[in-house]
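Worksheet for the structure shown next.
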Amino acid sequence: MESQELLSLCRRRGFLWPAYDIYGGLAGFYDYGPLGASLKHNIEAHWRRLYVFDEGLQELVCPLIAPEPVFKASGHLDAFADMYVECKGCGESHRADHLAEGLVDNPEAISEEELGRILDEKAVKCPLCKGDLTAPRRFNLMFKTAIGAGSAKPGYMRPETAQGMFVNFSQIYRHGREKLPVGAVQLGRAFRNEISPRQGLVRLREFHQMEAEIFFHPERKTWPRYDGVKSHVLPLAPNGAAVTDMSLEDAVASKTIINEALAYFMWLTYRFALDIGLNPKRIRFRQHERNEMAHYAADCWDLEAETAYGWVELVGIADRGCYDVQAHLRHSGADLTAFERFEQPREITREVISPRFDVMGKLFKGDTKALAEKLIEMAPDAVRGKDEVAIEVNGDSFTVPSSCYEIIDRTEKASGEKFVPHVIEPSYGVDRILYAVLEHAYSMKDEYVTLSLEGLVAPFKAGVFPLMSRDGLDEVAQELHESLMSNGIAAHYDESGSIGRRYARMDEVGTPCCVTVDYRTMEDGTVTLRNRDTKEQVRLSRNEVVETVRKIAEGTHRSPSDALDGMKVV
RNA sequence: GCGGCUGUAGUCUAGCGGUUAGGACUGAAGCUUCCCAAGCUUUAAGCCCGGGUUCGAAUCCCGGCAGCCGCACCA
């Protein structure tokens, strides 16, 4: 099918439309209409149920704006701030700072105008074809803003929700009673100033993520529920190979998947995908090949879905090692470590440099403290056998004679050890998932469109119609609608147009079933319940409607047909 | 950001320098209708934006914006 057909349906029926349309639109931004908002909400609610309710991860809500140091630490600032030039001849892009290497002291620190002037003066040409180059452009994929007035601090819209969880590791660890594994999740918006947003919901500038950051002991990356699911099979495309079905335990045993925890969250992702109605024949896990994996990631798998745009990444599940937490530990100075108690306290003896304060105090007076701190940080081997050591403090150089310190054995009793936790990160793109769900649910036969959404995610769980809007049928139908709504089940009442048209409207927006009040209802209190996918109807007592629709809405049944199993056809 | 193609009601579309921009579907109001987009009446809604050429522009030209395709980018 064409993506345009589906986007047209989405506009017509209120799932989504381009944002700021009356002002000409803005690429990379979409509004969710009433049905889209509901579908999105339902997808997120199910994810929350799996990750927060079932797995016990902690949900956080962090700010969308963060100050510069956060992204300095995470690497986003440098990774996103590169300057590029393009060749006017061959079209190839080059890092402008690399071309200016050697021509200027610090090419990364100057403005693009300055850099452009230098490249111009030195007549730098394309290294490939010797063609002329464009002026340097800065590709910063983060949206920048200013925090506060006057000499405001630079701030950025977060490009992922993840950093909010990394910087809060200590809180998460403490709230989780200082045990590993422990994890947090965050659902929310993220922003990337894409150079060229394309493909509808696939590449947006403002989008929605559902991310989990799960912290592990580096040597124990498994999950309590792993054993219960390890025999399940996933469609895996390892390292450029074709898709094969493989059980979790086989994949871990063969080192196809690097550890049990990663395998577990891949399985959870697969289950989520099927629950919300993605077509199992059109999804797969593709492993990142070495050259596309971020340098710090140990293993990374994408859940991909086949769409009109080709195979699209919906979820990335990565073992990020200790990279992120380590980075924030180093930049912030905060102690972002976990602590593991030894079974028996251990005595550790090691060599340390011990300053002799009595000697140093006489020699260095007020500088003694700073010098002693530097000494303590040094490795014993670096000073062993030397007569003196040169140390710089506050820009001044000092020569510290060996009489000022000694190397001693110090025995420390350790009841455990601190370590930087490793992180496994399942990162879900909500908008892409929602789009893939719509596409996989879409079918057209003889110009008749049906969205076969799962009851779990469908915006309306049931349509409620009077066959005729008179003779009291409409009042009964309105009462039924009321009782569904008051039970928290989204239903849609409609009495306009022919009954067929009303069914068609519901089929087109993915409503799994329709309840119709007819003349027989007035005699025996039964109504018809119509299955969207088969168009079949059963009769049931109007008193059974709420519970039956609830089953469909809760996804306890894979399809309306299941919920109607065992019921007599009219 | 580069190149190609495109832009007419909510959707699909007619228009090819000259009346009041036409139709279909959808929407709304009503009639009719005893289960799958039926019919009838009424009704709402449009030339992406800005310049230019011309007596006259939806139509031709330029710029912007947006969409599609390809390239590049996608931590």
Side-chain angles (χ1 to χ4, degrees), chain A residues 2-5 7-14 17-29 33 71 74-82 84-94 134-142 159-160 162-163 192-200 202-205 292-297 300 308-309 312-313 316 318 320 323-324 327 427 429 446-450 463 465-471 473 496-508 514-522 527-532 534-537 539 570:
Chain A
E2 292 293 315
S3 57
Q4 290 303 302
E5 282 173 29
L7 289 176
S8 163
L9 166 68
C10 286
R11 287 183 75 138
R12 262 187 301 120
R13 290 305 188 186
W17 49 74
Y20 309 113
D21 205 29
I22 65 168
Y23 287 103
L26 187 60
F29 296 89
F71 299 118
S74 70
H76 287 96
L77 202 61
D78 296 327
F80 280 1
D82 296 335
Y84 282 80
V85 292
E86 255 179 50
C87 172
K88 291 173 184 170
C90 63
E92 189 65 31
S93 294
H94 305 283
T134 61
R137 282 199 309 271
R138 191 172 282 271
F139 281 16
N140 193 335
L141 265 62
M142 287 197 293
E160 59 178 18
Q163 300 306 325
R192 297 178 194 186
N193 199 1
E194 295 287 349
I195 296 161
S196 174
R198 286 280 173 83
Q199 305 179 316
V202 171
R203 177 105 53 89
L204 296 173
R205 288 187 166 126
E292 72 178 306
M293 196 144 43
H295 62 276
Y296 49 81
C300 184
Y309 303 117
V312 171
E313 174 196 343
R320 300 175 65 111
Y323 178 86
D324 304 278
S427 172
D446 303 327
E447 300 297 305
Y448 191 97
V449 171
T450 304
F465 316 140
L467 186 60
M468 293 292 140
S469 51
R470 63 181 190 207
D471 302 328
L473 300 186
S496 77
S498 72
I499 191 73
R501 171 168 301 192
R502 285 176 268 164
Y503 287 145
R505 276 198 281 251
M506 288 291 96
D507 290 345
E508 200 179 28
C514 292
V515 178
T516 305
V517 172
D518 58 15
Y519 284 92
R520 199 170 135 191
T521 308
M522 311 307 272
V527 296
T528 65
L529 184 67
R530 170 184 178 274
N531 178 331
R532 171 195 63 207
T534 64
K535 314 277 184 271
E536 286 170 359
Q537 288 177 304
R539 283 202 91 85
V570 187

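Residue numbers begin at 1 in each chain, while the letters A, B, ... track the order of the sequences.
Atom pair A/Tyr20:OH and B/G67:C1' shows a separation of 19 Å (rounding to whole Å applied). Here the P atom of nucleotide B/G70 and the CZ atom of A/Arg203 are 12 Å apart, to the nearest Å. The interatomic distance linking A/Lys535 (NZ) with B/C36 (P) rounds to 13 Å, in whole Å. Rounded to a whole Å, the CD atom of A/Gln4 is 10 Å from the P atom of B/U13. At whole-Å resolution of the value, CG in A/Leu7 and C1' in B/A66 are 14 Å apart. Rounding to whole angstrom units, NE2 of residue A/His76 and C1' of B/C73 are separated by 16 Å. Per the geometry, OH belonging to A/Tyr23 stands 14 Å off C1' belonging to B/C48, to the nearest Å. When the P atom of B/G67 is taken as reference, atom CZ of A/Arg205 falls 9 Å away, rounded to whole Å.
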Return a table of donor-acceptor pairs under 3.5 angstrom between the side chains of residues 497-505 of chain A and protein atoms on other chains or two or more places apart.
unit_1, atom_1, unit_2, atom_2, d
A/Ser498, OG, A/Arg501, N, 3.3
A/Arg502, NE, A/Gly497, O, 3.1
A/Arg502, NE, A/Ser498, O, 3.4
A/Arg502, NH1, A/Pro466, O, 2.7
A/Arg502, NH1, A/Asp494, O, 3.2
A/Arg502, NH2, A/Leu467, O, 3.4
A/Arg502, NH2, A/Gly497, O, 3.2
A/Tyr503, OH, A/Thr516, OG1, 2.6
A/Tyr503, OH, A/Gln537, NE2, 3.2
A/Arg505, NE, A/Asp494, OD2, 3.1
A/Arg505, NH2, A/Asp494, OD2, 3.0
A/Arg505, NH2, A/Ser496, O, 2.8
A/Arg505, NH2, A/Ser496, OG, 3.2

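With both pairing distances under 3.5 Å, B/U33 is matched to nothing as a Watson-Crick or G-U wobble pair. With a cut-off of 3.5 Å on both Watson-Crick or G-U wobble distances, the partner of B/A57 is given as none. In this entry B/G50 has B/C62 as its Watson-Crick or G-U wobble partner, both defining distances falling under 3.5 Å. Checking B/C71 for Watson-Crick or G-U wobble geometry (two distances, each under 3.5 Å) identifies B/G1 as its partner. Remark: B/A38 base-pairs with no nucleotide; criterion is Watson-Crick or G-U wobble with both hydrogen-bond distances under 3.5 Å. In this entry B/A45 has no Watson-Crick or G-U wobble partner, no candidate having both defining distances under 3.5 Å. Shown here, B/G22 forms a base pair with B/U13; the pair counts as Watson-Crick or G-U wobble because both key distances fall under 3.5 Å.
Taking atom C1' in both B/A9 and B/A44, the straight-line distance is 10 Å, to the nearest Å. Between B/G10 and B/C73, the distance separating the two C1' atoms is 35 Å to the nearest Å. Comparing the same atom, C1', in B/G7 and in B/C47 gives a spacing of 10 Å after rounding to whole Å. Atom name C1', nucleotides B/U41 and B/U59: the rounded distance is 36 Å, in whole Å. One C1' atom belongs to B/C35, the other to B/A45, and the distance between them is 32 Å to the nearest Å. Here the separation of B/G1 from B/C60, taken at their C1' atoms, is 29 Å to the nearest Å. Comparing the same atom, C1', in B/G46 and in B/G15 gives a spacing of 14 Å after rounding to whole Å. Comparing B/U13 with B/A72, their P atoms sit 31 Å apart, to the nearest whole Å.
With a 4.5 Å cut-off on side-chain heavy atoms, A/Cys514 and A/Phe465 count as touching. Side chains of A/Phe29 and A/Pro197 form no contact here, defined as non-hydrogen atoms less than 4.5 Å apart. Side-chain contact check for A/Met142 versus A/Leu77: some heavy-atom pair is nearer than 4.5 Å. Annotation: side chain of A/Arg192 is in contact with side chain of A/Glu160 (closest heavy-atom distance under 4.5 Å).
Comparing B/A37, B/C69, B/C35 against the side chain of A/Thr528 picks out B/C35 as the nearest. Side-chain proximity of A/Tyr503 to B/C12, B/A75, B/C35: nearest is B/C35.
Below the 3.5 angstrom threshold, one finds a donor paired with an acceptor across the side chain of A/Gln537 and the base of B/C35. Residue side chain A/Arg198 does not reach the base of B/C68 through any donor-acceptor N/O pair under 3.5 Å, judged by distance alone.
Here A/Tyr309 pairs with A/Ser3, A/Leu7, A/Gln199, A/Val202, A/Thr307, A/Val312, A/Tyr435 under the side-chain contact (heavy atoms from CB on, under 4.5 Å) rule; sequence neighbours left out.
A donor-acceptor pair under 3.5 Å links the side-chain atoms of A/Asp518 to the main chain of A/Thr521, judged by distance alone. A/Arg13 places no side-chain N or O within donor-acceptor distance of the main-chain N or O of A/Glu508, the cut-off being under 3.5 Å.
Nucleic acid contact for A/Thr516: base, since at least one base atom lies under 4.0 Å from a heavy atom of the residue. Residue A/Glu160 is classed as a base contact, given a heavy-atom separation below 4.0 Å to a base. Among the protein residues, A/Gly200 comes within range of the sugar-phosphate backbone only, with heavy atoms under 4.0 Å from sugar or phosphate atoms but none that close to a base.
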Candidate pair A/Arg205 and A/Glu194, rule salt bridge (Lys or Arg N to Asp or Glu O under 4.0 Å), full reasoning:
CA-CA 6 Å; A/Arg205 288 187 166 126; A/Glu194 295 287 349; over 6 Å; no
What is the per-nucleotide protein-contact pattern of nucleotides 22-34 of chain B, from the 5' end, where B denotes a base atom under 4.0 Å from a protein heavy atom, S denotes such proximity for sugar-phosphate atoms only, and - denotes neither?
----SS-----BB
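Here the closest non-hydrogen pair linking A/Asp507 and A/Lys535 is OD2-NZ, 3.6 Å.
Between A/Val527 and A/Tyr309, the residue anchored nearer the 5' end of RNA chain B, judged by the nucleotide with its closest heavy atom, is A/Val527. Nearest-nucleotide mapping onto RNA chain B: of A/Gly24 and A/Tyr448, the residue sitting toward the 5' end is A/Tyr448.
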